[in-house]
Each structure stands twice: as C-alpha cells, then as structure tokens.
Amino acid sequence: MQKPSVAELRPVVHPEGVKDRRSGEHWAGRLYMREISLRCDRYLVNTRITPNQLTYLMVVAGVLAGAALLVPGLTGALVAALLIQLYLLLDCVDGELARWRKQTSVTGVYLDRVGHYLAEAALLVGFGLRGADLLAREGASANWMWAFLGAVAALGAILIKAETDLVDVARARSGLETAKDEAATPRSSGLALARRAAAALKFHRLVGGVEASLLILALAIVDTVAGGIFWTRFGIALLAGIAVLQTVLHLVSILASRRLK
C-alpha cells in the first residue's frame, strides 16, 4: 500500500487547534517534534503497529531515561536526554496514528496519562539517585539525602499533573463538560496577576520531562568541566524546591479559578 504524503497526513493528524492547545501541547512539539513525527507517521500508518503499542514504547523510553542517569558522568545525562526526545516523539506519533486510523479510545488516553506520570517521575528519581552517588565516587558511601530529594521532586511532578487531571474527573462526576481554557484564570485579580507572572517566568516547567532532561544534561556538562557532582546536587535541590512550591501554588490556582464551577 502506498504511503500517504505529508500533505495528506497533516490535516488529519494535525487538526486545527492541536498545536494551539495551551495546556495540552508541549512547546517542543510546536517548535519541531510535530514536524518530525509527521514524517515518521508515513512509515507507520500502513503497518500493524497500534497506537497503544507506541504508547507502551513511550513509557519504556521515559523510564529508561531515568535508569540511564545511574550511569555516571556526561554519558548517562546525554543518553537520558536523547531517550526523553524519543519519549516525546512517541508521545506525538501515538495520537497522530490513532487520528489517522480513527482508533482514538478512552484506553489510549488513559495509558498516555499514566505514561506521563511514570516517565517523568522515573527521570526525577533517577536524577536523585545520580546525586546520591551510588558508586561512592565523591565519598565513602552513597548520600541518600539526594535520592530523597529526587523522590520529592518526582512526587511533586506527579501531584501537579494529578491536580490538573482531577479537575476533569471532578467535573465529569458532577455532570459538567470539560472546562474551557479561560476558566483557568483566578477570580481574584491579585492571584490572576501572580499566575500570569509565574506563567511568564515558566520556572514550573523545569520539573517536566523535556526541560528536566536538558537541565540535567547542562549540569552534567558543568560538572564534567568543574569536576565532582556539586552542580548535579544543586539541580536536585532546585527541582525539589520548585516541585513542592508549584504543587501548592497550582492547587491554590485551581481552587481560586472557575475550573471547578
């Protein structure tokens, strides 16, 4: 069977609004990954590979990225960053394949969300274990405080996503439709201003998979030049702090908005 062209695929797999979703589309998807995935779609649409199988591969890539961080030095950080890019690619392709074949399903959406939880948590846990220095290169034994802070960052990243997803759960159980993007604006003018300021700074994105992997790679480069793992440990503490702060602020933002009305 002849492969469809990019021009044939685009209007189906990238329907209007997909790249413009404020909370549903990653900046890397809009910037470059959707164009890469579109070209990968051509070779997948006529195969027996299912969208859900691609979602499972996405989860594997994300979890392996966290495991790769157990490899000391620049190598582990570089492999983790590349695996997160593969994770993002598969995250694009699975939905695009489902739209082309008209195989979208509740199961697929559920697996996708669970996959994001597992992959991003695994990356941050791996980062914490990296800072714990399991091979005891920086001390007589591993320092488990850094593993704990990595787990705190991972828990925060999961809770931030859960807070968002539970809005839809609460609305569905109350018989309400999905909240519009404009409902996210807090009713208080002061909170609305604070929310816009936080959105402009985008510091909360650092606990996301793509951003965290790039930060980890940058810190690994600095540590390679400086020697030791000081900057890696600094990054773990930074992400743990951001995750805790963002978990609280995001919850306040939701409760102060019209998303639950």
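Not measured: the values here are computed from a predicted model.
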Review point. Is any side-chain heavy atom of Gln85 less than 4.5 Å from a side-chain heavy atom of Val210?
Key: yes
Exercise for review: Identify the heavy atoms of Arg130 and Val71 that sit nearest to each other, and give their distance.
Suggested key: NH1-O, 2.9 Å
Check your understanding: Is there a path of hydrophobic side-chain contacts, each under 4.5 Å between heavy atoms of I, L, V, M, F, W or Y residues, that connects Leu159 with Tyr117?
Key -> no
Point to revise | Residue pair Asp112 / Met58, side-chain heavy-atom distance below 4.5 Å | key: yes
Study note, to complete from the structure: dist Leu134:CG -> Trp144:CH2 (nearest 0.5 Å) comes out at 5.0 Å
Point to revise | Gap separating the CD1 atom of Ile84 from the CD atom of Glu211, nearest 0.5 angstrom | key: 10.5 Å
Check your understanding: For atom CZ of Arg173, is the number of surrounding heavy atoms from other residues, nucleotides or ligands below 6.0 Å larger than 12?
Key -> no
Review point. Stepwise, does the side-chain contact (heavy atoms from CB on, under 4.5 Å) test hold for Tyr87 with Leu64?
Key: CA-CA 10 Å; Tyr87 157 84; Leu64 286 178; over 6 Å; no
Revision key, fill the gap. Between the OG1 atom in Thr55 and the CG atom in Asp94, the distance rounded to the nearest 0.5 Å is 3.5 Å
Practice item. Assess whether side-chain contact (heavy atoms from CB on, under 4.5 Å) is satisfied between Arg171 and Thr178, documenting all intermediate values. Key: CA-CA 7 Å; Arg171 291 182 66 88; Thr178 303; 5.6 Å; no
Review point. Out of curiosity, does Val248 fall in the hydrophobic cluster containing Leu166 (side-chain heavy atoms, cut-off under 4.5 Å, transitive links)?
Key: no
Check your understanding: Shortest non-hydrogen contact from Ala220 to Ala77?
Key -> CB-CB, 3.5 Å
Check your understanding: Can you tell me how far the CZ atom of Arg34 sits from the CG atom of Leu88, to the nearest 0.5 Å?
Key -> 8.5 Å
Point to revise | Parallel, tilted or perpendicular, as decided by the 30° and 60° cut-offs, for the rings of Phe234 and Phe230 | key: parallel
**Study point:** Distance-minimising heavy-atom pair for Thr164 and His250
**Key:** OG1-NE2, 2.7 Å
Review point. Roughly how far, to the nearest 0.5 Å, is CG of Leu69 from CD1 of Ile216?
Key: 5.0 Å
Check your understanding: Roughly how far apart are Glu8 CD and Asp41 CG, rounded to 0.5 Å?
Key -> 13.0 Å
Check your understanding: Does Ile221 share a hydrophobic cluster with Val79, counting links as ILVMFWY side-chain heavy atoms below 4.5 Å and allowing steps through other members?
Key -> no
Revision key, fill the gap. Nearest heavy-atom approach of Ser213 to Ala81 is CB-CA, 4.0 Å
**Study point:** Verdict with supporting geometry, Arg10 and Glu35, salt bridge (Lys or Arg N to Asp or Glu O under 4.0 Å)
**Key:** CA-CA 9 Å; Arg10 191 183 299 276; Glu35 293 303 314; 3.0 Å; yes
Review point. Can you find a heavy atom in the side chain of Leu123 that is under 4.5 Å from one in the side chain of Val63?
Key: no
**Study point:** Asp223 to Ile229 - nearest heavy-atom pair and separation
**Key:** OD2-CA, 3.4 Å
Practice item. Give a yes or no on whether Val93 and Leu82 share a hydrophobic cluster (residues Ile, Leu, Val, Met, Phe, Trp, Tyr; joining criterion: side-chain heavy atoms under 4.5 Å apart). Key: no
Practice item. Any chance you could lay out the side-chain contact (heavy atoms from CB on, under 4.5 Å) test for Val45 and Leu9, step after step, and finish with the verdict? Key: CA-CA 10 Å; Val45 293; Leu9 283 165; 4.2 Å; yes
Practice item. Over all heavy atoms of both residues, which pair between Leu260 and Ala170 is shortest? Give the atoms and the distance, please. Key: CD2-CB, 4.3 Å
Exercise for review: Tell me, yes or no, whether the heavy-atom count around Phe148 atom CZ, taken from other residues, nucleotides or ligands under 6.0 Å, exceeds 12.
Suggested key: no
Exercise for review: Kindly work out whether a path of hydrophobic side-chain contacts (I/L/V/M/F/W/Y, heavy atoms less than 4.5 Å apart) joins Trp231 to Ile236.
Suggested key: yes
**Study point:** Validation row: Phe127, Leu215 side chains within 4.5 angstrom (heavy atoms)
**Key:** no
Exercise for review: Begin with the C-alpha distance, continue with both residues' side-chain angles, and end with the deciding distance and a verdict on side-chain contact (heavy atoms from CB on, under 4.5 Å) for Ser253 and Gln246.
Suggested key: CA-CA 10 Å; Ser253 175; Gln246 181 62 14; over 6 Å; no
Point to revise | Asp91 and His116, any side-chain heavy atoms less than 4.5 Å apart | key: yes
